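Input: a single structure, listed below in C-alpha cells.
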Amino acid sequence: MPELPRPSAARLTVPAPAPPPVPITLLLPDGQTIERVRLYERQQLDTGLWMYRIGVPLWQTSVGGGAEPTEYDTWVTSAQLRPIPGIDLSTVPTTRRPTPAAPAGRWAWVRDGRTRGRAATLHAEGCTMATDRARPLSTTAALDTLARPGTAACTGCAAAETLLPILRHGQTDAPGLDPGD
C-alpha cells in the first residue's frame, strides 16, 4: 500500500481581529448631524486626499414586516466628519500613501500653457509631456501658480505627487482627523 503524504509542519497564521470602530460625528448635506457613527478606517488616495470608511446605524424593513437594525457603509471625506472630544482616533486603521521620493538634486518645475486660452499645467523639469514652450519656475512660483484656478499638476511626472501635498498642507477642514495632525 502506498504511503500517504504527511501533513506539512507549516503554521496556520490567524490574522489579528480588526480594532473596534471609533465613534465620530457625521455632518449631513442639509446641516443635520448624526452623533456617534462608526469610523472603521482611513485611507490616503493618490491625490493626497484622505477618505474615511464609516458605518451609519439605521433600520431596514425585515422580511415579513417589522424593522431590524442594519448599517449603511460608505466612504466620506474629512469635510463630512467631526471628531468627538475625548475620543482617541489613533486606533483607527490607517493606510498612508507612500511619500514620493524627492527628485535628485534640487526641485525644478516648468509651467506649460496659459497661452491662447489654454489652462496651465505644471510639470517636473524634464517631463516628456511638457511642450517646448514650457517656462522654468522655482518651487515657490510653481506653488503660487498651482493655487490659481484653472491650473493643474501633471500626473505623469513628480509634479502632482510633490506639489499637491505641499499646497494642501494645513488645509484640512476638520483638525484632528488626518493622521499627523
Side-chain angles (χ1 to χ4, degrees), residues 10-103 107 119 121-124 129 139 142-143 146-181:
R11 280 201 172 139
L12 176 62
T13 304
V14 178
V22 174
I24 196 159
T25 300
L26 175 65
L27 306 175
L28 298 177
D30 65 358
Q32 295 182 70
T33 61
I34 300 177
E35 300 292 328
R36 304 185 81 77
V37 300
R38 298 175 179 112
L39 175 59
Y40 287 100
E41 66 179 302
R42 53 188 166 194
Q43 288 187 7
Q44 188 178 28
L45 302 180
D46 288 345
T47 61
L49 178 70
W50 283 94
M51 295 297 293
Y52 303 84
R53 186 171 67 89
I54 61 167
V56 182
L58 298 170
W59 293 99
Q60 72 178 7
T61 305
S62 62
V63 177
E68 61 187 20
T70 190
E71 187 173 272
Y72 175 74
D73 187 41
T74 190
W75 288 89
V76 296
T77 66
S78 62
Q80 287 88 41
L81 297 174
R82 292 295 177 265
I84 297 173
I87 299 295
D88 180 17
L89 297 177
S90 68
T91 61
V92 176
T94 302
T95 305
R96 286 184 189 274
R97 186 176 183 290
T99 305
W107 286 346
T121 303
L122 290 172
H123 301 272
M129 292 192 266
T139 299
L143 289 167
L146 190 56
R148 294 185 195 133
T151 303
C154 177
T155 57
C157 64
E161 291 180 29
T162 305
L163 294 173
L164 291 176
I166 295 170
L167 190 63
R168 284 192 196 98
H169 183 69
Q171 301 291 324
T172 305
D173 294 322
L177 286 179
D178 293 343
D181 283 354

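Note that this is a predicted model, so its numbers are computed, not measured.
- Trp50 contributes atom CH2, which lies 7.5 Å from atom OG1 of Thr95 (distance to the nearest 0.5 angstrom).
- For Thr25 against Glu35, the heavy-atom pair with the smallest separation is OG1-OE1, 3.0 Å.
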Determine, step by step, whether Leu26 and Leu81 satisfy the side-chain contact (heavy atoms from CB on, under 4.5 Å) criterion, reporting the C-alpha distance in whole Å, the side-chain angles of both residues, the deciding distance to 0.1 Å, and the verdict.
CA-CA 5 Å; Leu26 175 65; Leu81 297 174; 4.0 Å; yes
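- For Tyr40 against Glu71, the heavy-atom pair with the smallest separation is OH-OE2, 2.8 Å.
- Between atom CD1 of residue Ile24 and atom CD1 of residue Ile87 there is a gap of 9.5 Å, rounded to the nearest 0.5 Å.
- Interatomic distance, Thr155 OG1 to His123 NE2, rounded to the nearest 0.5 Å: 10.0 Å.
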Atom pairs and distances, side-chain donor-acceptor, residues 55-70, under 3.5 Å, sequence neighbours left out:
from	atom 1	to	atom 2	distance (Å)
Gln60	NE2	Glu68	OE2	3.0
Ser62	OG	Gly65	O	2.5

Go through it in stages, so that I can follow the logic: the residues are Val22 and Asp88, the test is side-chain contact (heavy atoms from CB on, under 4.5 Å), and I'd like the CA-CA distance, side-chain angles, deciding distance and then a yes or no.
CA-CA 8 Å; Val22 174; Asp88 180 17; over 6 Å; no
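- The line from OG1 of Thr91 to CG of Leu39 is 8.5 Å long, rounded to the nearest 0.5 Å.
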Derivation and outcome, side-chain contact (heavy atoms from CB on, under 4.5 Å), residues Trp75 and Gln80
CA-CA 10 Å; Trp75 288 89; Gln80 287 88 41; over 6 Å; no
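- Ala159 and Leu122 get closest at one heavy-atom pair: CB-O, 3.4 Å.
- Considering only residues two or more places apart in sequence or on other chains, Leu49 meets the side chain to side chain contact (heavy atoms under 4.5 Å, CB included) condition with Leu45, Thr47, Met51, Thr77.
- In plain terms, the two heavy atoms of Cys157 and Ala124 that are nearest each other are SG-N, 3.2 Å.
- Minimum interatomic distance between Arg42 and Ser90 (heavy atoms only, all atoms of both residues): NH2-CA, 4.3 Å.
- Within the model, atoms CD1 of Ile84 and CG of Leu89 stand 9.0 Å from one another, a figure rounded to the nearest 0.5 Å.
- One finds the CG atom of Leu27 at 7.0 Å from the OG1 atom of Thr33 (value rounded to the nearest 0.5 Å).
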